[in-house]
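Notes for the one structure printed next.
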Amino acid sequence: WSPPTLSLNFFPLAPNRVDLAAPGRHDVVLTVDGQTNNFVAAAQEAAARLRLSLTGQIDAVSATMVGLQIDNPEQAMRLTAARGTFVVERLPAAGMPALQAGLALTGVKLPDALDGPLGTELTALAAEATWYGDLPSGAMAPALTRWRDNGGRLDVTRASVQWGPVRAAASGKMDLDEALQPQGQFDTEIRGMDNAITAFEQAQMLDQRAAALARIAVAALSRAPADGGASVVRLPLAIQQRQVTLGPLPLLTLPEIRWR
């Protein structure tokens with residue numbers, strides 16, 4: 001990690017607090033299983049606050065960024081966000097280590113490679129989750145096997161996205177299967193399915209017959225919310241053996257992750 005100029009503020013009356021600011025360009029090199037990935041992150045404003053324990057261990061981090069831009073030069077991919085906040089906190093040990101994290105982004109522009117019927121602009125993206133178990137270190141395959149076998153999991157309290165005409169929220173749990181592939185079960189609430197079907201039909205990713213059947217299914221599953229507004233479709237989302245299904249509908253097959 002090569003940051004720009006970094007400013008630190010310490011507080012004598014609050015010795016467990018450290019504030020830092022680092023706007024500008026950050027060069028980040030990530031190496032996973034011997035494979036190196038280069039990223040360039042930049043922000044007009046970037047500030048963070050650390051909370052330290054009595055032994056100097058970092059117990060919590062909160063960060064705010066404005067005008068965020070992340071580039072992967074090798075893949076020619078760019079993600080931008082007007083504003084982002086991130087919080088991670090170490091929870092008191094209760095049988096196993098746990099980290100609680102939250103992420104919120106607004107004004108998101110996805111890489112062009114992810115363009116589809118709903119476009120690449122997300123009004124908002126947010127998630128709250130708790131990671132149970134030690135963070136993997138060293139060779140990933142044996143580390144993740146230990147994490148899984150010791151009961152490691154990711155509990156997603158809530159994840160939400162506003163993407164074009166679609167508003168979706170989900171909660172559930174994830175872990176790893178015997179092949180170290182992600183698996184999980186989620187409850188979802190989706191608004192704007194009719195508009196999404198129209199967008200997929202206009203993009204010729206659904207023919208007229210498939211779109212008509214999808215509209216019938218949505219009408220049968222929709223419920224009017226108590227607060228009014230667009231109808232809500234509630235469906236289970238499952239990830240099993242790399243297959244992603246929404247209710248009875250197969251959505252996609254995830255690529256296999258090859259850990260070393």
Side-chain angles (χ1 to χ4, degrees), residues 30-35 37 72 75 77 79 95-101 103 110-111 113-118 122 125-161 163 166-191 193 196-197 199-200 203 205-207 209-211 213-214 216-218 220-221 232-260:
L30 295 178
T31 301
V32 178
D33 287 345
Q35 182 175 354
N37 292 280
N72 183 331
Q75 302 294 329
M77 299 181 71
L79 181 146
M96 69 171 63
L99 291 175
Q100 190 175 62
L103 171 70
L110 298 174
L114 300 180
D115 194 10
L118 299 180
L122 281 62
L125 174 68
E128 298 176 5
T130 303
W131 173 283
Y132 290 96
D134 291 315
L135 293 174
S137 61
M140 292 301 291
L144 289 172
T145 299
R146 289 191 300 270
W147 175 76
R148 179 201 62 198
D149 293 345
N150 289 330
R153 69 183 190 277
L154 180 68
D155 288 1
V156 181
T157 308
R158 181 175 175 83
S160 62
V161 64
W163 191 349
V166 175
R167 294 188 179 189
S171 61
K173 301 179 185 294
M174 291 189 69
D175 57 11
L176 297 175
D177 63 18
E178 289 300 315
L180 296 183
Q181 302 301 301
Q183 64 178 4
Q185 300 283 341
F186 296 87
D187 296 320
T188 69
E189 292 186 356
I190 307 172
R191 302 188 187 206
M193 285 288 287
I197 292 170
F200 275 79
M205 296 184 68
L206 285 176
D207 59 30
R209 180 175 180 277
L213 291 173
I216 292 172
V218 167
L221 296 169
V232 177
V233 179
R234 294 182 173 88
L235 290 172
L237 177 72
I239 306 172
Q240 295 288 337
Q241 296 180 339
R242 296 171 39 223
Q243 303 298 314
V244 182
T245 57
L246 182 63
L249 305 174
L251 294 184
L252 57 94
T253 300
L254 297 175
E256 181 180 2
I257 303 175
R258 298 182 180 272
W259 307 107
R260 297 181 184 177

Side-chain (Trp147) to main-chain (Tyr132) donor-acceptor, under 3.5 angstrom: yes

Partner set under side-chain contact (heavy atoms from CB on, under 4.5 Å) for Ala196, not counting sequence neighbours: Leu118, Val166

Shortest non-hydrogen contact between Gly151 and Met96, atoms and distance: O-CE, 3.8 Å

Nearest non-hydrogen partners of Ala238 and Gln185, listed with the distance: CB-OE1, 3.7 Å

Asn72: partners by side-chain contact (heavy atoms from CB on, under 4.5 Å), with sequence neighbours left out: Phe39, Glu74, Gln75

For a quick test of your reading: what N or O donor-acceptor pairs under 3.5 Å do the side chains of residues 174-182 make, sequence neighbours left out?
{"from": "Asp175", "atom 1": "OD1", "to": "Gln183", "atom 2": "NE2", "distance (Å)": "2.9"}
{"from": "Asp177", "atom 1": "OD1", "to": "Ala179", "atom 2": "N", "distance (Å)": "2.9"}
{"from": "Asp177", "atom 1": "OD1", "to": "Leu180", "atom 2": "N", "distance (Å)": "3.1"}
{"from": "Asp177", "atom 1": "OD1", "to": "Gln181", "atom 2": "N", "distance (Å)": "2.8"}
{"from": "Gln181", "atom 1": "OE1", "to": "Ile257", "atom 2": "N", "distance (Å)": "2.9"}
{"from": "Gln181", "atom 1": "NE2", "to": "Ala179", "atom 2": "O", "distance (Å)": "3.2"}
{"from": "Gln181", "atom 1": "NE2", "to": "Ile257", "atom 2": "O", "distance (Å)": "2.8"}

Shortest non-hydrogen separation from Thr188 to Leu235 and the atoms involved: OG1-O, 2.6 Å

For Arg191, all residues meeting salt bridge (charged side-chain N to carboxylate O under 4.0 Å, His left out), sequence neighbours excluded: Asp227

Heavy-atom closest pair, residues Met205 and Pro117: SD-CG, 3.3 Å

Test item: Ile190 and Leu246 side chains (from C-beta on) under 4.5 Å apart, heavy atoms: yes

Partners passing salt bridge (charged side-chain N to carboxylate O under 4.0 Å, His left out) against Arg153 (at least two apart in sequence or in another chain): Asp155

Residue list, salt bridge (charged side-chain N to carboxylate O under 4.0 Å, His left out) with Arg148, at least two apart or on another chain: none

Leu103: partners by side-chain contact (heavy atoms from CB on, under 4.5 Å), with sequence neighbours left out: Phe86, Leu105

For the student: nearest non-hydrogen atoms of Thr130 and Ala98, plus distance: CG2-CB, 4.3 Å

Under the side-chain contact (heavy atoms from CB on, under 4.5 Å) test, residues paired with Ala159 that sit two or more places apart: Ala127, Val156

Those residues that, when tested against Glu256, pass salt bridge (charged side-chain N to carboxylate O under 4.0 Å, His left out) (two or more places apart): Arg258

With Gln243 via side-chain hydrogen bond (donor to acceptor under 3.5 Å, both in side chains) - residues at least two apart: Thr253

Qualifying residues under ring-ring contact (aromatic ring centres under 6.0 Å, His included), relative to Trp163, sequence neighbours excluded: none

Partners passing side-chain hydrogen bond (donor to acceptor under 3.5 Å, both in side chains) against Glu189 (at least two apart in sequence or in another chain): Arg234

